[in-house]
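Quick one: structure below, then a few questions.
Protein chains get the first letters and strands the later ones, always in sequence-line order, with residue 1 at the start of each.
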Amino acid sequence: MSITVFNTLSGKKEEYKPINPDYSGFYVCGPTVYDYFHIGNARPFIVFDVIRRFLIFRGYNVRYVMNLTDIDDKIINRAKEEGVTSKEIADRYINAFFEDIQKLGIRPADVYSRATDHVPEIITIIKKLIAVDAAYATAGDVFFDVKQFSRYGQLSKKKLEDLQAGKRIAVDELKKNPADFVLWKKAKPGEPSWPSPWGNGRPGWHIECSAMSMKFLGNSFDFHGGGQDLIFPHHENEIAQSCASSGCDTFAKYWLHNGFLDMKGEKMSKSLGNFITARELMEIYPASTIRLFYLQKHYRGPIDFSEDGLNAARTTAERLALTYKKLARLTPGYTGDFEMESRQQTPRLKEFHHRISTLDEELIAAMEDDFNTPGAIGKLFDIVREVNKFIDEGAAEEQEKEVLAWVQGKLDDYDRFLGVIDKSQGGIDHERMDAVMRAVIKLRHSLRKEKNWPLADQLRDGLTEAGIILEDSPAGTTWRWRK
RNA sequence: GGCGGCGUAGCCAAGUGGUUAAGGCAGAGGUUUGCAAAACCUCCAUUCAUCGGUUCGACUCCGAUCGCCGCCUCCA
């Protein structure tokens, strides 16, 4: 089956057809590194990483590029406040960014590009834009002339005359048209700046993405992702300046935009002050819980942040992890190299295999339909139930373990793009902890043999307080960490 | 004012022009267990904001209304 994606440009779902057979270019707007990113900012990082990983799963050779905006007003202000250079601020929060995404289970991009490393490329584009009359220089600033780009407004469906220019922010009187935007900003005293044909200054906000996406992915590439608030003006401006300078018809072919994370019905943002950083949240919830919380909603819709929602996701994540670990315990040494035809088939085995195969197809079909992760996760839990039932009914035979290993392989496949199964063992040296617990379980076993229930229960209750859950079964007692 | 989106059970959330409207959380009952935990089984929306229209048939298509949100300014 083919993959369909909702394209903001057309406002419709479209079949994904790569521009280039060799690779799929994917550009995502990254962070402005003046502070730790908050959990609203985390949404595009997570969802576009999942989309990219699903494309890889489906065999596409994805080249994934993310910019790091390391020069802008906020960084400059922050540097002034702290009495350090802009570069020190940027470096600090770039490092923090890498730490945080790693903890969130986000795979690194193939290319991270810093705006300040691409000033020559940016200047080249601006020169070109001036040469074709798409931009004009005033006293030290350079502006893009939106009137010169006929397709302006195509992405955001806005008409220039409908914009309420100046309603909330005063229009710069140097501009020919209120919608014109700055490509090069004249340096103010004490600000970091670079030499240019128009004097010392620094790049405008939108131009870096054009310069870097075209440098690493070419004039036309497949996907461009970002938050819905970037549709206008940022992405609209990117299209204008990129196509005006390169002459391309298509800049990015598919525009993907994620919905917001709301706090009590209101967009979470730094300026509103209603945010919580990703690192703060990760002190409370494991990454698998946070990822599940996001991925149980479709990437284009809004999510309302809530503690209840996160707590529910934690329980959900635990159910998934428990089943996965149970499966893993049963299948050491089995390859999962399971061919239904070559095995002796019991009706039960056949039925199980058939059900999992069907659910597998449905799960993948959900992902193919505009990356419907909530639908896919629904199927994942259907699989969880089937597996638990199958194991409950007894799975001791060789071929049954082989089919379980096959299912485990499926779960591993899904998790290669979803990343919601917590396979960790709790952060403490598991080998030694397990040895200690074996001794404790042995002691309790003796107590139970003597039917000394009060002491056996007291021991178990004490462990529960310490965050350890014991589970008795005919096969013996196992222990695990409480989430 | 212009543009875009959303409104499905107690909560979160998929989905479809037509047999039983996924899944998760919470809740109820049961199986299992010394008691638990985990797991499994059963139950939990005659109904998809409201009102009209198209249709043999709509929750799904169209229109209107109400409510909520976002963009038009830096913003994921």
Round to a whole Å and report the spacing from CZ of A:F232 to C1' of B:C71.
9 Å
Whole angstrom value for the distance that separates P of B:C35 from CG of A:L463
20 Å
Looking at B:G5, does its base get a donor-acceptor pair with the side chain of A:R300 below 3.5 Å?
no
Report yes if a donor N or O on one partner sits less than 3.5 Å from an acceptor N or O on the other, where the partners are the side chain of A:K267 and the base of B:C69; otherwise report no.
no
Can A:R52 be said to sit on top of A:Y64's aromatic six-ring, NZ or CZ under 6.0 Å from centre and within 45° of the ring axis?
yes
Side-chain N,O (A:K449) to OP1/OP2 (B:G34) below 4.0 Å
no
A:F260 six-ring face occupied by A:R43 cation (under 6.0 Å, within 45°):
no
Using the ring of A:Y34 (Phe, Tyr or Trp, six-membered ring only), decide whether A:K270 places NZ or CZ under 6.0 Å from its centre and within 45 degrees of its axis.
yes
Counting just side-chain N and O atoms, does A:N388 come under 4.0 Å of either OP1 or OP2 of B:A38?
no
Relative to the 5' end of RNA chain B, which residue comes earlier, A:R444 or A:G375, by the nucleotide with the nearest heavy atom?
A:G375
Could you check whether A:W453 and the base of B:G34 form a stacked pair, meaning centres closer than 5.5 Å and planes differing by less than 30°?
yes
A:Q296 or A:G40, whichever maps to the more 5' nucleotide of RNA chain B:
A:Q296
Any side-chain N or O of A:R385 under 4.0 Å from OP1/OP2 of B:C41?
yes
Pairwise P distance for B:U60 and B:U16, with rounding to whole Å:
13 Å
Write down the partner of B:U19 under the Watson-Crick or G-U wobble criteria, each distance required to be under 3.5 Å.
none
For B:G24, does OP1 or OP2 lie under 4.0 Å from any side-chain N or O of A:R319?
yes
Can you say whether a donor on the side chain of A:D457 sits under 3.5 Å from an acceptor on the base of B:G34, or the other way round?
yes
With sequence neighbours left out, what residues match A:N372 under side-chain hydrogen bond (donor to acceptor under 3.5 Å, both in side chains)?
none
Starting at CD1 of A:I468 and ending at C1' of B:A38, how long is that distance when rounded to a whole Å?
17 Å
